[in-house]
Amino acid sequence: MYKRPVFSNIVKRLKEPRRFIQVLAGPRQTGKTTLARQVMDKIGGLTHYATADSPTLKDHVWLEQQWQTVRARLDTDKRVKCALLVLDEIQKIPKWSETVKLLWDEDSAENRPIHVVLLGSSPLLVQQGLTESLAGRFEVIPITHWSFAEMRDAFGFDLDQYVYFGGYPGGAALIEEPERWARYIQDSLIETSISRDILLMTRVDKPALLRQLFELGCLYSGQILSYQKMVGQLQEAGNTTTLAHYLDLLEGAGLLMGLMKYAGGQARKRGSSPKLQVLNTGLLTAQAHLSFSEARQDHEFWGRLVESTVGAHLANSIRGTGLELTYWRHRNQEVDFVLARGKKLLAIEVKSGSHTKAIPVLEAFEKEFGKVKKLLVGAQGMPLEEFLVNTPEVLYL
């Protein structure tokens with residue numbers, strides 16, 4: 001069975017002398033549970049897996065029961081030197097972080113060698129619980145959408161297939177049946193993520209507006225759209241603050257984000273119009289009503305899809321790196337993506353055709369902000385395939 005590159009990193013951390021709570025946070029259907037079970041098989045010995053993702057109500061008592069199960073087994077078999085407890089969909093347990101903190105501290109005080117791995121499909125909610133109670137006790141390991149290299153190595157995807165179908169491993173076996181694949185993305189991923197990871201876990205006063213915003217974001221992925229224009233496009237009116245909040249929720253579920261404009265260190269200023277960006281191109285194409293061959297022949301659509309592929313690759317790859325992803329626009333000049341770490345910048349322009357008009361735009365950006373590293377993807381620059389098999393940090397250095 002294919003093991004993602006992050007697998008070795010998790011195993012290594014669990015074998016280190018110092019104990020941390022390992023938190024695997026990422027969108028649905030990115031392989032968190034499979035990855036955790038692979039780690040359990042590799043570690044061996046005393047392991048215990050439990051999930052809060054079931055119809056029956058789970059609370060802190062259930063969490064304590066799972067923990068006590070491992071403690072009892074560890075105390076019973078003195079030959080076992082350590083144990084591994086894996087708790088899935090942890091964010092569904094009310095006040096889970098307070099209970100985990102209490103149990104973890106008890107184990108630490110008694111030198112009880114229990115390693116803990118927590119899985120969560122709503123990174124935003126998981127992060128809230130971590131920062132509230134577990135400071136100094138955890139490490140977050142981002143589990144993102146699958147990269148081109150991973151889909152290629154695991155399922156034999158070529159470049160065009162990845163651009164169109166995106167990085168959902170669960171849908172890889174369905175790409176020869178396009179309608180079935182699209183239903184899988186819409187029903188098992190989009191609807192489940194919105195209804196179970198957002199609407200059931202967070203207060204949303206206008207659920208219909210959030211759904212419409214997601215659909216609009218997919219339709220306009222790769223384009224800059226002001227909040228005022230969004231309000232005009234949506235059937236159910238909402239204020240701009242509400243839309244910005246809903247966009248944050250969609251990003252937290254691994255669906256859609258709004259990139260802010262780079263402005264010399266003020267990139268997160270809410271006043272700028274966001275550039276909409278899907279975090280997996282499968283979310284876009286499953287709703288586009290264009291087959292793979294039709295999409296490939298539609299040069300305008302394919303160009304937007306290629307840019308969305310680059311944006312999704314960057315957004316997913318920079319998680320946990322300290323890099324910030326933005327865009328830049330001044331009058332009629334636009335740089336597709338800007339990677340920033342402090343004052344160190346990488347300006348990226350994407351061209352799916354043979355045009356090289358990106359070069360003057362990149363030079364204009366450099367004139368505005370000083371010496372920057374510039375990268376053209378496609379056209380006569382770096383081939384798209386080469387770009388997608390590199391991490392932003394490699395390109396950045």
Side-chain angles (χ1 to χ4, degrees), residues 10 14 19-37 39-40 46-76 82-110 112-143 188-189 191-205 207 210 245 248-249 252-254:
I10 298 170
L14 290 173
R19 294 164 55 246
F20 284 102
I21 299 171
Q22 307 297 329
V23 183
L24 277 56
R28 283 185 174 271
Q29 297 300 313
T30 51
K32 295 184 299 296
T33 302
T34 299
L35 188 59
R37 291 193 178 279
V39 170
M40 291 170 67
L46 201 169
T47 61
H48 180 68
Y49 170 88
T51 179
D53 190 19
S54 66
T56 57
L57 181 65
K58 298 292 190 297
D59 57 17
H60 69 94
V61 175
W62 173 86
L63 199 159
E64 291 172 357
Q65 290 172 342
Q66 306 309 315
W67 213 291
Q68 292 294 348
T69 297
V70 176
R71 286 177 172 177
R73 291 172 61 190
L74 190 61
D75 292 341
T76 300
C82 65
L84 175 62
L85 170 63
V86 179
L87 298 171
D88 207 343
E89 297 294 342
I90 189 68
Q91 80 280 354
K92 296 195 173 181
I93 302 174
K95 298 183 178 180
W96 63 270
S97 59
E98 298 173 7
T99 305
V100 169
K101 177 181 181 296
L102 175 64
L103 297 168
W104 177 264
D105 288 349
E106 289 176 354
D107 288 343
S108 298
E110 299 177 18
R112 189 177 286 114
I114 299 178
H115 295 276
V116 178
V117 174
L118 306 178
L119 313 183
S121 59
S122 180
L124 183 63
L125 294 176
V126 171
Q127 189 64 44
Q128 289 174 351
L130 292 174
T131 54
E132 288 169 1
S133 303
L134 293 171
R137 299 169 177 84
F138 70 92
E139 291 181 303
V140 176
I141 302 176
I143 306 299
S188 297
L189 297 175
E191 178 56 34
T192 303
S193 296
I194 291 177
S195 62
R196 299 181 66 178
D197 293 336
I198 299 179
L199 298 182
L200 284 184
M201 304 300 298
T202 310
R203 177 177 174 176
V204 175
D205 294 329
L210 183 140
H245 173 58
D248 286 341
L249 294 179

Taking the side chain as C-beta and beyond, is there a heavy-atom pair between [X] and [Y] under 4.5 Å?
| X | Y | result |
| --- | --- | --- |
| Met40 | Val117 | no |
| His48 | Arg73 | yes |
| Val140 | Leu24 | no |
| Lys101 | Asp105 | yes |
| Pro113 | Leu74 | yes |
| Ile21 | Val23 | yes |
| Val39 | Thr47 | no |
| His115 | Leu85 | no |

Under 4.0 Å between a side-chain nitrogen and a carboxylate oxygen: does that hold for [X] and [Y]?
| X | Y | value |
| --- | --- | --- |
| Asp75 | Arg71 | no |
| Lys32 | Asp88 | no |
| Arg19 | Glu139 | no |
| Arg203 | Asp205 | yes |

Has the side chain of [X] got a donor or acceptor atom that lies under 3.5 Å from a matching backbone atom of [Y]?
| X | Y | result |
| --- | --- | --- |
| Thr30 | Gly26 | no |
| Arg137 | Ala135 | yes |
| Asp59 | Trp62 | yes |
| Thr34 | Gly31 | no |

Mind listing the closest non-hydrogen atom pair of [X] and [Y] along with its distance?
| X | Y | value |
| --- | --- | --- |
| Phe20 | Trp104 | C-CH2, 3.7 Å |
| Leu119 | Gln91 | O-OE1, 4.2 Å |
| Leu134 | Ser97 | CD2-O, 3.9 Å |
| Gly254 | Pro27 | CA-CG, 3.7 Å |
| Leu35 | Ile10 | CD2-CD1, 3.6 Å |
| Ala83 | Val70 | CB-CG1, 3.6 Å |

Supply the atom-to-atom distance [X] [atom1] to [Y] [atom2], rounded to the nearest 0.5 angstrom.
| X | Y | atom1 | atom2 | answer |
| --- | --- | --- | --- | --- |
| Leu118 | Phe138 | CG | CZ | 10.5 Å |
| Ile114 | Glu106 | CD1 | CD | 10.5 Å |
| His245 | Leu249 | NE2 | CG | 4.0 Å |
| Lys92 | Leu87 | NZ | CG | 14.5 Å |
| Arg28 | Asp197 | CZ | CG | 4.0 Å |
| Ile198 | Thr192 | CD1 | OG1 | 11.5 Å |

**Prompt:** With Thr99, which residues qualify under side-chain hydrogen bond (donor to acceptor under 3.5 Å, both in side chains), at least two apart?
**Reply:**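 Per chain and number, Thr99 pairs via side-chain hydrogen bond (donor to acceptor under 3.5 Å, both in side chains) with no residue.
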
**Prompt:** So, Gln68 versus Gln66: side-chain donor-acceptor pair below 3.5 Å or not?
**Reply:** no

**Request:** Show the numbers, then the answer: is there a salt bridge (Lys or Arg N to Asp or Glu O under 4.0 Å) between Asp53 and Arg196?
**Result:** CA-CA 10 Å; Asp53 190 19; Arg196 299 181 66 178; 2.3 Å; yes

**Request:** Start with the C-alpha distance between Leu63 and Ile90, add both sets of side-chain angles, then the distance that settles side chain to side chain contact (heavy atoms under 4.5 Å, CB included), and finish with yes or no.
**Result:** CA-CA 9 Å; Leu63 199 159; Ile90 189 68; 3.8 Å; yes

**Request:** Just do the side chain to side chain contact (heavy atoms under 4.5 Å, CB included) check on Gln65 and Val61 with the steps written out, would you?
**Result:** CA-CA 6 Å; Gln65 290 172 342; Val61 175; 3.8 Å; yes

**Request:** Report the C-alpha separation of Leu210 and Ile194 in whole Å, then their side-chain angles, then the decisive distance to 0.1 Å, and conclude whether the side chain to side chain contact (heavy atoms under 4.5 Å, CB included) test is met.
**Result:** CA-CA 9 Å; Leu210 183 140; Ile194 291 177; 3.8 Å; yes

